[in-house]
Protein chains: 2
Amino acid sequence: MLATETVENYLKAIYLLQREAAADEAPMGQIAAALGVTTGTATSMVKKLVAAKLARHERFGGVRLTTKGTRAALDILRRHRLVETFLVDTLGLDWSVVHDEAERLEHAISPMVLDALDRHLGRPAFDPHGDPIPRADGALQESEAMPMSELGSGDAARLVRVLDQRGESLRFLRASGLKVGATLRVVAIEPGAGVMRIRPDGGSVVSMSTTAASRVLVRLTRGRH
Amino acid sequence: MLATETVENYLKAIYLLQREAAADEAPMGQIAAALGVTTGTATSMVKKLVAAKLARHERFGGVRLTTKGTRAALDILRRHRLVETFLVDTLGLDWSVVHDEAERLEHAISPMVLDALDRHLGRPAFDPHGDPIPRADGALQESEAMPMSELGSGDAARLVRVLDQRGESLRFLRASGLKVGATLRVVAIEPGAGVMRIRPDGGSVVSMSTTAASRVLVRLTRGRH
DNA sequence: AGCATAAGTTTGACGACTCAAACTCTAGGA
DNA sequence: TCCTAGAGTTTGAGTCGTCAAACTTATGCT
Ligand SMILES: [Mn+2]
Ligand SMILES: [Mn+2]
Ligand SMILES: [Mn+2]
Ligand SMILES: [Mn+2]
């Protein structure tokens, strides 16, 4: 709204880093890395966010969004994820390319266009990667899910979310028939090799490292319990 | 592409002013007015365009795009008009609001998204206002049309383009049933009052000044001639 | 405890875009 | 032809976001 495009990018980056950090604080260096700027630049931008009451920060410490900043970040995240959903569902683009496109489009979407888009898409709750789409009022519901790496041999599950969103990973998953909503079964696990073998319904068996599998979230449909 | 958002706006404004100017040159003052900046600002930006070989200009004279500048302007115009078409056809927004939205979105559309959008819309040749959409190769075909003010009493015609795109005008036309593609008949002309009375098919008679009518372009379907 | 290293901060500078205000040119009427 | 009103240009300054490089602080290893 009132924030500049750059400020919007900082808010979104801080929000996401804060969620995944243990201390619920975004380290300055990671903010800089996320935005592709030097840490000096990040430091001075964060000062501006603090002055605008969007974030809190003390020298040599981490960064934390205020309520106002969090609200703004969720608004941007909503735009980002709705745009991604549009690009995949309506325009048919591949889920491995939509993030970068949305990164620019998210700043050009007015509330009016956003709502029309939301209605056109049927008010979706999740984006193509299974990430939850914040609602207009800022509500955000994470889905219940477990890492695929925790499944046992013979378990059946449904893929609900992909955390590693590098193009390379997304293309591998798509090529293997592993997209959000797909059902699959664990064919075998080889703990020594750190590899598990998965068969998506209607596809052929693929091998994945347990590390890679830990970044794919699933919901158990039929398992050892 | 390589141009900044500001440069893109200047190129588009100069292109449009050049088309409608007698001398095929865009006056500096009108460039400034179109962009909402002072003439001093426009002067210095035009210098940059000249340095980038996008425009030609001599002191105290008008501005003229080079071939390269024209090509870039047509590319932006294509993005603008395709976005407008999308906002109306796919999202159902009113034709009186889409210009301002497209003014921002046009800068965030990559070639990939543009092509997907074009395909999704069925490669349209005209935008919601009847303005021709430049093709990917830069080709632009204006449609044959005459001002509605030149119709005679009893003439039947099809509305093909609206030149006055101020929100107020567009809302009046829509409320009257006068949208692109609509057929209509001239019920009466009162030259003394400078007013003509029009009946859109399936609607009721409306009065328009001949000045307003001159900015609505039509194609004669059945007339005196 | 002492210190090297990683992390963060500060400073000075720059490019892009803008304005206000002083200045210069041009074209058309007296 | 001369002069002036309107159009265009220049200059100086400011904001925003950025970098490089010098500097400061915190941490954890010996
Ligand atoms: Mn972004
Ligand atoms: Mn996503
Ligand atoms: Mn624009
Ligand atoms: Mn248009």
Check your understanding: At under 4.0 Å, does any side-chain N or O of B:K47 touch on OP1 or OP2 of D:dT10?
Key -> yes
Exercise for review: Test A:R64 against A:E25 for side-chain contact (heavy atoms from CB on, under 4.5 Å), laying out the working first.
Suggested key: CA-CA 5 Å; A:R64 202 183 288 257; A:E25 278 188 341; 3.2 Å; yes
**Study point:** Side chain B:R219, main chain B:E144, donor-acceptor under 3.5 Å
**Key:** yes
Point to revise | Value in whole Å for how far the P atom of D:dT18 lies from CD1 of A:I31 | key: 13 Å
Check your understanding: B:T41 side chain N/O closer than 4.0 Å to the phosphate oxygens (OP1, OP2) of C:dC19?
Key -> yes
Review point. Counting N and O atoms only, with roles assigned by atom type, does the side chain of B:K68 sit under 3.5 Å from a partner on the main chain of B:A52, one being a donor and the other an acceptor?
Key: yes
Review point. Could you state the CE-P distance from A:M28 to D:dT25, rounded to the nearest angstrom?
Key: 16 Å
**Study point:** Under 3.5 Å: donor-acceptor pair, side chain of B:S209, backbone of B:A212
**Key:** yes
Practice item. Using a cut-off of strictly less than 4.0 Å, decide whether B:Y10 has a side-chain nitrogen or oxygen near OP1 or OP2 of C:dT18. Key: yes
Review point. Would you say a side-chain N or O of A:R59 is under 4.0 Å from OP1 or OP2 of C:dT10?
Key: yes
Exercise for review: Would you please confirm or rule out a distance under 4.0 Å between OP1 or OP2 of C:dT10 and any side-chain N or O of A:S44?
Suggested key: no
Review point. When the distance from CD of B:E58 to P of C:dT26 is rounded to whole Å, what number comes out?
Key: 11 Å
Check your understanding: Between B:H57 and D:dT9, is there a side-chain N or O to OP1/OP2 distance below 4.0 Å?
Key -> yes
Point to revise | Sugar-phosphate, base or nothing in reach of A:G40, heavy atoms under 4.0 Å | key: base
Point to revise | Plane angle bin for B:F86 and A:F86 - parallel if under 30°, tilted between 30 and 60°, otherwise perpendicular | key: tilted
Point to revise | Atom pair distance, as rounded to whole Å: CD in B:E25 and C1' in D:dG8 | key: 13 Å
Exercise for review: Could you check which of D:dG8, C:dT10, C:dC19 has an atom nearest any side-chain atom of B:F60?
Suggested key: D:dG8
Check your understanding: Does A:T6 put a side-chain nitrogen or oxygen below 4.0 Å from OP1 or OP2 of D:dC16?
Key -> no
Practice item. Using a heavy-atom cut-off of under 4.0 Å over every strand shown, decide if A:G62 touches base, sugar-phosphate, or nothing. Key: nothing
Study note, to complete from the structure: note: A:E5, atom CD; D:dT18, atom C1'; distance rounded to Å ~ 15 Å
Exercise for review: Would you mind reading off the distance between B:M45 atom CE and C:dG15 atom C1', rounded to a whole angstrom?
Suggested key: 12 Å
**Study point:** First of B:T39 and B:K48 reached from the 5' end of DNA chain C, by closest nucleotide
**Key:** B:K48
Going by atom type alone, with no hydrogens or angles, which donor-acceptor pairs under 3.5 Å involve a side-chain atom of residues 132-141 of chain B and a protein atom two or more places apart or on another chain?
unit_1 : atom_1 : unit_2 : atom_2 : d
B:R135 : NH2    : B:D137 : OD2    : 3.3
B:D137 : OD1    : B:A139 : N      : 2.9

Exercise for review: Look at the rings of B:H80 and B:H99 and say which category their plane angle falls in: under 30° parallel, 30 to 60° tilted, over 60° perpendicular.
Suggested key: tilted
Review point. Between B:S110 and B:V113, is there a donor-acceptor pair closer than 3.5 Å when you use the side chain of the first and the backbone of the second?
Key: yes
Revision key, fill the gap. To the nearest angstrom, the CD-P distance between A:E8 and D:dG17 comes to 11 Å
Exercise for review: Mind running a 4.0 Å heavy-atom check of residues 11-19 of chain A against DNA chain C and sending the residues that fall below it, in number order?
Suggested key: none
